[in-house]
Amino acid sequence: MPDAAIDTQRMEKIVSLCKRRGFIFQGNEIYGGLNGVWDYGPLGVELKRNVKDYWWRVIVRERDDVVGLDGAILTHRAALKASGHEDTFSDPMVDCRTCKARLRADQLPEKNGVNQCPNCGGRDLTEARPFNLMFSTQLGASADPDSIAYLRPETAQSIFVQFKNVLDTARKKLPFGIAQIGKAFRNEINPRNYIFRSREFEQMELEYFCRPEQGLELLDYWLEERLKFYENIGIGRDKLHVLTVPDADRAFYSKGTYDIEYAFPFGMQELEGVAYRTDYDLKQHQTASGKPLDYFDEETKARFIPHVIEPSAGVDRTVLALLCEAYDEETVTDDKGKTEVRTVLRFHPRIAPIKAGIFPLLKNQPELVTKAREVQALLRPLMNVFYDETGAIGRRYRRQDEVGTPFGITIDFETLGERDPALRDTVTLRHRDSMEQERIAIADLPERLSRQIR
Ligand code: ATP
C-alpha cells in the first residue's frame, strides 16, 4: 500500500466507484458541472442519512441534556454581522495576472521562495485581499441594502439566536446543549478534494452551554465523546489525529480548540472542530440585538451568560472518510482455482446504505421468488434491503460487496424443504467481509440482523 498522504490512485478509484454505483454525482453534470457542488445518488443518500441519524441518536435522543433545533438557512444580516462573519469570515485571495485565476493566498506553491500560480506557473500575482465566503441573497422584490440576507455559512448561529426560546420552552438547566444538522454554504475559492471542500455542504453541530468553570473540562469530555462516535461508525482512533490548535491559530475568544483529523488519501485533514468558545457568541448577539440572552441560576440567584463548547462536524467529510476507510480490494480464489480481484466497501453495518441483499437462487422458479419476496417484506420495515434476482449468485454477491452490503440472504431449494424438511424456511446468510455462509431460520433474521445494524 503506498503512502496514504499521496495516494491519488486510491482516491480516483473511490471517486469512480461512487459515480458508477450511485453514491455521488457532480452537481449539474449534464450542463458541464457546477464547481464545488455535489449530488448524492440513491446509495449516497442512504449512507449520509445513516451518519446523520446515528449522530442525532447519540447526541440528542439518548441524552437528557441535549435538545434539537432545525433553523432556517436564510439568515438575518444583523445576526451574521454580530457573529463577526460579515466582517471577518474571509480567506486571503490573490489573482494571477497571467492566467486570471483566483487563488487562495495561503495555499500557493512556492519556488525558490517566490509564490507561483499553480495553474500556469506565473509569478505575477496581485496583493492578497480578503474575500468573504458568504453567499448573499435578496429577500423580496426591493433591492435596497436592508433586504440583504445570507445563506448561513454554519448552522451554529441560529442556535445562539434561538437560545432564549429554547431555554424557555425546553426548561433545561446548565449544562445543556442544542444540536442541529443542516446545510451550510461557503463560497470557497478553491473547492477541491471531491466532497471534502465544497460550496454547499452539511454540518452536524452541537452547542453545549455550561458554567464558565466547567468549560475546559467539558471541552475534553466532548472530544472524547466525538472520538467514540467515529469509532462506533468504523473509524478507529488509530486512524484519527487530534490536533491541539496552538494559541496563535485559535480564535481570540476561544480558550481551547481541538481539530479531529483523518488521514484522507490526499493527506491528514480536518474532519471536525471541537472548540471552547467561551461566552463570545451569546454576548455578541445580546449586545447587537439588545435582548437578554443570559441564564438565571435558581440556586445562586445569579444571572450570567453561559459559556459554550462546540463540536462541529461535517457530514460530507465524514461520508468521505467512511468511503476512504471502507474501500478495499482483495484477491480471491473461487472453487475452480480462478483468482479475481474483489472490490469491497467494508462499512460498519450501522452505516451501510443497504443492510442485506435478498437473492432467490433462480429467478425462473416461482416458489423461490415468492419466498424471497416474503423475506423482503419481513425485513423491509426494519432496514433497507435490496432484492436482486438477476445474474449468477456469485455476481450478485460481488455487486453487493462493492457497495458495502454486510449481509446476503439466499433463498434456495433447501428453503423450500425439498431435500431435508428440517431445513424448510431456513436461508443462507452470507457475511460480506469473511464471505462465510451459515444457515439461519427466516424467523430469526429480524432479531439477528437488527442487533448487528443498530
Ligand atoms: P477548513 O479549515 O477545512 O476550511 P473550517 O475550520 O473553516 O474548515 P469550521 O468552520 O470549523 O471549518 O466548520 C466545521 C466543520 O464543517 C469542518 O470541520 C468540516 O467538517 C465542515 N466544513 C467546513 N467547510 C466545509 C466545506 N467547504 N466543505 C465541506 N465541509 C466543510
Side-chain angles (χ1 to χ4, degrees), residues 24 26-27 34-40 44 48 51-52 55 59 73 75 80 83-85 88-93 104-107 130-135 150-160 179-208 219 222-223 226-227 229-230 233 235 240-246 249-251 253-254 256-264 266-277 280-281 308-324:
I24 298 163
Q26 168 75 64
L34 192 60
N35 196 9
V37 177
W38 300 92
D39 292 335
Y40 286 78
K48 206 175 172 198
V51 169
K52 291 189 283 184
W55 187 91
I59 298 286
I73 286 168
T75 307
L80 290 162
S83 66
H85 285 86
T88 61
F89 193 58
S90 56
D91 279 337
M93 176 205 75
R104 278 272 292 261
D106 54 349
Q107 289 169 358
F131 173 79
N132 195 291
L133 300 179
M134 287 199 295
F135 285 100
Y150 290 110
L151 304 190
R152 63 183 177 195
E154 59 177 30
T155 67
Q157 293 309 318
S158 55
I159 298 182
F160 297 125
Q180 177 165 207
I181 299 179
K183 290 268 187 179
F185 301 81
R186 296 183 188 179
N187 195 4
E188 299 279 358
I189 300 167
N190 295 329
R192 71 206 144 92
N193 289 331
Y194 199 30
I195 54 171
F196 177 83
R197 185 177 301 288
S198 48
R199 290 184 166 134
E200 174 172 343
F201 55 96
E202 262 182 293
Q203 291 183 314
M204 306 181 280
E205 293 195 297
L206 167 67
E207 303 302 328
Y208 195 77
L219 173 68
W222 278 108
L223 172 67
R226 299 302 304 141
L227 292 171
F229 169 86
Y230 290 110
I233 56 172
I235 306 175
L240 296 171
H241 174 248
V242 177
L243 173 80
T244 305
V245 178
D249 298 346
R250 253 182 1 234
Y253 47 77
S254 171
T257 302
Y258 297 115
D259 282 349
I260 302 177
E261 300 180 321
Y262 173 75
F264 289 97
F266 45 85
M268 186 68 84
Q269 300 273 345
E270 177 182 328
L271 203 52
E272 164 161 3
V274 184
Y276 174 20
R277 300 177 59 88
Y280 175 78
D281 307 275
V308 74
I309 314 297
E310 177 191 79
S312 170
V315 178
D316 313 77
R317 285 189 191 178
T318 306
V319 165
L320 184 56
L322 288 168
L323 285 163
C324 294

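Start at 1 with the first residue, then count along the sequence. In what follows, every heavy atom counts, from backbone to side chain, and hydrogens, waters and symmetry copies are set aside. Ligands are counted one by one from 1 in listed order, and the atoms in each one are counted from 1 as well. Here the structure is a predicted model, which is why all the values come from computation and not from measurement.
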If you measure every N/O of [X] against every N/O of ligand 1, is any gap under 3.5 Å?
X: Arg317; result: yes
X: Ser198; result: yes
X: Phe196; result: yes

Practice problem: Run the numbers for me: atoms of ligand 1, each under 4.0 Å from some heavy atom of Ser312, listed by number. | Solution: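 The list of qualifying atoms is 13 (O), 14 (C), 15 (C), 18 (O).
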
Exercise. Would you mind listing which atoms of ligand 1 come within a distance below 4.0 Å of any non-hydrogen atom of Glu272?
Key: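 In order of number, 18 (O).
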
Exercise. Would you please test Arg317 and Tyr262 for side-chain contact (heavy atoms from CB on, under 4.5 Å) and show each step?
Key: CA-CA 9 Å; Arg317 285 189 191 178; Tyr262 173 75; over 6 Å; no

Quiz prompt | Stacked cation flag Arg226 on Tyr230, 6.0 angstrom / 45 deg | solution =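 Output yes; distance and angle both within limits.
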
Quiz item: After noting the C-alpha distance and the side-chain angles of Gln180 and Gln203, does the key distance pass the side-chain contact (heavy atoms from CB on, under 4.5 Å) rule?
Solution: CA-CA 8 Å; Gln180 177 165 207; Gln203 291 183 314; over 6 Å; no

Residue, atom name and distance, where the atom is the protein heavy atom closest to [atom]:
atom: atom 22 (N) of ligand 1; value: Phe201 CE1, 3.5 Å
atom: atom 10 (O) of ligand 1; value: Arg186 NH2, 2.9 Å
atom: atom 4 (O) of ligand 1; value: Arg197 NH1, 2.7 Å
atom: atom 13 (O) of ligand 1; value: Gln203 NE2, 3.4 Å
atom: atom 17 (C) of ligand 1; value: Glu270 OE2, 3.4 Å

Exercise. Compute whether any side-chain donor of one residue and acceptor of the other, for Tyr253 and Asp281, lie under 3.5 angstrom apart.
Key: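 No donor-acceptor contact under 3.5 Å links the two side chains.
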
Quiz item: Taking the six-membered ring for Trp, are Tyr194 and Trp38 parallel (under 30°), tilted (30 to 60°) or perpendicular (over 60°)?
Solution: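 Answer is perpendicular, since the angle exceeds 60°.
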
Exercise. Report the relative orientation of the aromatic rings in Phe266 and Phe264; use parallel for angles under 30°, tilted for 30 to 60°, perpendicular for over 60°.
Key: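 Phe266 and Phe264: parallel rings.
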
Practice problem: Quick one: do Phe131 and Asn187 satisfy side-chain contact (heavy atoms from CB on, under 4.5 Å)? Show the steps, please. | Solution: CA-CA 9 Å; Phe131 173 79; Asn187 195 4; 3.8 Å; yes

Practice problem: Please state whether Leu271 comes within less than 4.0 angstrom of ligand 1, counting heavy atoms only. | Solution: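 For ligand 1, residue contact (heavy atoms, under 4.0 Å) with Leu271 is present.
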
Practice problem: Report the C-alpha separation of Leu133 and His85 in whole Å, then their side-chain angles, then the decisive distance to 0.1 Å, and conclude whether the side-chain contact (heavy atoms from CB on, under 4.5 Å) test is met. | Solution: CA-CA 9 Å; Leu133 300 179; His85 285 86; over 6 Å; no

Quiz item: Among Pro191, Ala321, Gly314, whose heavy atom sits nearest atom 21 (C) of ligand 1?
Solution: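 Looking at heavy atoms only, Gly314 sits closest to atom 21 (C) of ligand 1.
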
